[in-house]
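Below is one structure, written out as structure tokens; comments come after it.
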Protein chains: 2
Amino acid sequence: MLTGKGRVPAAGSVAEPGDTPERGFPPTRPRQPEAGSPLGAPARNARFPGLRWPSLIVGLGQTGSMRLDQLDEQIIRILTREGRRSFAAIGQEVGLSAPATKRRVDRLVAGGTITGFAAQVDPAAMGWGTEAYIELHCSGQPRPAVLTTDLEGIPEVVSACTVTGEAQALLRVRAADVRHFEKVLERLTALSYVSHTKTTLVLTPLFERTGAAPVG
Amino acid sequence: MLTGKGRVPAAGSVAEPGDTPERGFPPTRPRQPEAGSPLGAPARNARFPGLRWPSLIVGLGQTGSMRLDQLDEQIIRILTREGRRSFAAIGQEVGLSAPATKRRVDRLVAGGTITGFAAQVDPAAMGWGTEAYIELHCSGQPRPAVLTTDLEGIPEVVSACTVTGEAQALLRVRAADVRHFEKVLERLTALSYVSHTKTTLVLTPLFERTGAAPVG
DNA sequence: GATGAAACGAATGGCTC
DNA sequence: GAGCCATTCGTTTCATC
């Protein structure tokens with residue numbers, strides 16, 4: 001299913017009509033600005049200006065450093081939008097055999113560049129009517145590890161990060177309705193280090209880009 | 001690959017150790033609170049209190065109304081964390097044959113509940129060093145459609161929504177570095193209806209939950 | 001709707017270059 | 001690293017209940 005190139009048009013290809021090469025997959029590094037764009041970005045790798053290939057050198061990932069060449073980036077771009085596409089179909093597009101493509105994907109997964117594969121779900125269809133961002137104002141500076149543990153325990157908290165500014169953390173929360181949302185707020189303010197919160201309700205979700213949503 | 005049940009432990013199973021049934025997949029509707037949880041939620045479907053099966057009735061999705069039963073929810077929960085898992089393996093877990101599982105997934109995709117499948121990428125490994133939330137303060141109230149068009153044209157804008165409060169929109173932005181980020185800011189303030197912006201820089205991303213990230 | 005059988009195609013491991 | 005080949009396994013269709 002969803003594996004053949006054009007068999008099931010549904011899955012990953014859902015949001016594709018009209019895609020420009022850039023859309024839906026923010027550039028790995030500052031790229032050439034589109035024609036007429038005010039966003040003038042460095043032409044090449046900012047860290048290794050003379051470098052063309054590999055275009056990216058990173059020292060992250062679980063198993064150590066990881067080089068990404070253009071084929072890797074192409075593969076990632078495809079998988080980012082069509083996570084269930086077959087290796088044969090991916091390989092055909094990037095000019096690789098299916099086994100070679102698989103080996104690269106395996107390497108990307110093992111190296112931590114690809115952190116997983118996930119189905120994207122329409123929150124409204126799942127019964128999530130209420131979405132909000134919550135600023136957590138804390139007494140003192142709670143350790144990130146503590147925040148992670150506490151907040152991950154609240155399933156309605158979809159994402160969380162520590163931030164600059166007056167608040168210590170910014171949370172994204174999904175709830176079924178306002179009443180449900182209020183319960184989440186109560187649970188957050190019950191945390192010992194939380195002095196108060198500030199909620200910004202989402203009115204209209206405009207869009208959400210895949211390929212830039214890390215897990216964990 | 002990643003299709004067999006335990007063949008490639010990498011992909012979707014990356015973030016699974018210690019998973020509780022609830023973790024990583026916010027409840028479809030308010031569920032029974034965990035033991036000792038202050039989050040007391042309605043026991044059943046809030047909209048159809050007496051209803052047990054189907055547990056959810058929604059009037060959304062592209063092709064019309066969509067019923068989700070418990071098997072659907074189970075399948076979605078699995079695909080949300082292991083987007084490349086095979087139908088055979090999913091079916092085995094939920095007690096369905098592979099063809100039956102595939103039909104359900106196809107129906108969920110066609111109905112808009114599942115909006116797509118995507119690889120999750122580590123932003124740091126992709127060269128994204130800088131992440132921020134940007135409040136867009138506008139003169140007047142720009143129409144959501146206009147905002148969507150304008151903001152989708154900026155690849156660094158990962159997600160956007162209109163919100164309550166003083167700002168009109170809240171954006172999540174990823175950039176390679178601060179210099180790159182500044183270019184994005186310039187591009188945003190160049191929009192005719194934007195009067196000013198307020199940036200909140202992300203210090204430490206704590207976690208990001210899959211299964212609640214809609215596309216489009 | 002689910003099941004079971006069968007044909008097809010994809011994934012994967014070994015081998016060679 | 002890549003491609004090729006062979007095997008295993010998943011997908012998909014069709015007939016059937």
Side-chain angles (χ1 to χ4, degrees), chain A residues 1-13 52-57 61 63-76 78-79 82-111 113-114 116-117 119, chain B residues 1-13 52-57 63-76 78-79 82-111 113-114 117 119:
Chain A
M1 66 78 62
L2 314 177
T3 40
K5 184 148 195 189
R7 284 237 208 76
V8 180
S13 49
R52 278 190 48 126
W53 189 101
S55 60
L56 244 192
I57 298 192
T63 61
S65 70
M66 186 103 203
R67 264 176 209 80
L68 299 191
D69 64 19
Q70 292 175 348
L71 281 175
D72 287 326
E73 291 184 16
Q74 248 184 301
I75 290 170
I76 290 172
I78 292 169
L79 279 176
E82 296 177 66
R84 275 189 86 97
R85 192 155 171 191
S86 76
F87 297 125
I90 297 167
Q92 199 167 9
E93 185 167 334
V94 305
L96 239 47
S97 70
T101 307
K102 181 201 180 301
R103 275 192 292 264
R104 278 176 179 264
V105 174
D106 284 349
R107 191 167 46 82
L108 290 168
V109 170
T113 305
I114 293 177
F117 294 88
Chain B
M1 64 83 56
L2 312 177
T3 40
K5 186 149 193 185
R7 282 234 210 78
V8 180
S13 49
R52 277 190 50 125
W53 192 97
S55 61
L56 245 193
I57 298 190
T63 60
S65 70
M66 186 98 203
R67 266 178 208 79
L68 299 191
D69 64 19
Q70 292 176 347
L71 281 176
D72 288 326
E73 292 184 17
Q74 248 184 301
I75 291 169
I76 290 172
I78 292 168
L79 280 175
E82 295 177 65
R84 273 189 90 95
R85 193 154 171 191
S86 75
F87 296 129
I90 299 168
Q92 198 168 11
E93 184 166 335
V94 306
L96 238 47
S97 70
T101 307
K102 181 198 181 302
R103 270 194 296 272
R104 280 177 179 264
V105 173
D106 286 346
R107 192 167 45 82
L108 291 169
V109 170
T113 305
I114 293 177
F117 294 88

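By convention in this document, chain letters (A, B, ...) are assigned in the order of the sequence lines, proteins followed by strands, and residues within each chain are numbered from 1.
Look at CZ on A:R85: it is 17 Å from C1' on C:dA11, rounded to the nearest Å. At whole-Å resolution of the value, CD1 in A:I90 and P in C:dG9 are 18 Å apart. Taking atom CZ of residue A:R84 and atom P of nucleotide C:dA10, one finds them 14 Å apart after rounding to whole Å. Residue A:K102 contributes atom NZ, which lies 9 Å from atom P of C:dA11 at whole-angstrom precision.
Shown here are the side-chain hydrogen bond (donor to acceptor under 3.5 Å, both in side chains) partners of B:R103, two or more places apart in sequence or in another chain: there are none.
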Close N or O pairs between protein and nucleotides 1-3 of chain D (under 3.5 Å):
from	atom 1	to	atom 2	distance (Å)
D:dA2	OP1	A:R104	NE	2.9
D:dA2	OP1	A:R104	NH2	2.7
D:dG3	OP2	A:S97	N	3.1
D:dG3	OP2	A:S97	OG	3.0
D:dG3	N7	A:R103	NH2	3.1

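Annotation: cation-pi geometry not satisfied between B:R85 and B:F117 (NZ/CZ under 6.0 angstrom from ring centroid, within 45° of ring axis).
Of the residues B:D69, B:I76, B:L68, B:V109, the one that meets the side chain to side chain contact (heavy atoms under 4.5 Å, CB included) test with B:R104 is B:D69.
We find the CD1-CG distance between B:I90 and B:L96 to be 10.5 Å, quoted to the nearest 0.5 Å. To the nearest 0.5 Å, atom OG1 of residue A:T101 and atom CD1 of residue A:I75 are 5.0 Å apart.
Of all heavy-atom pairs spanning A:L71 and A:V94, the tightest one is CD2-O, 3.4 Å.
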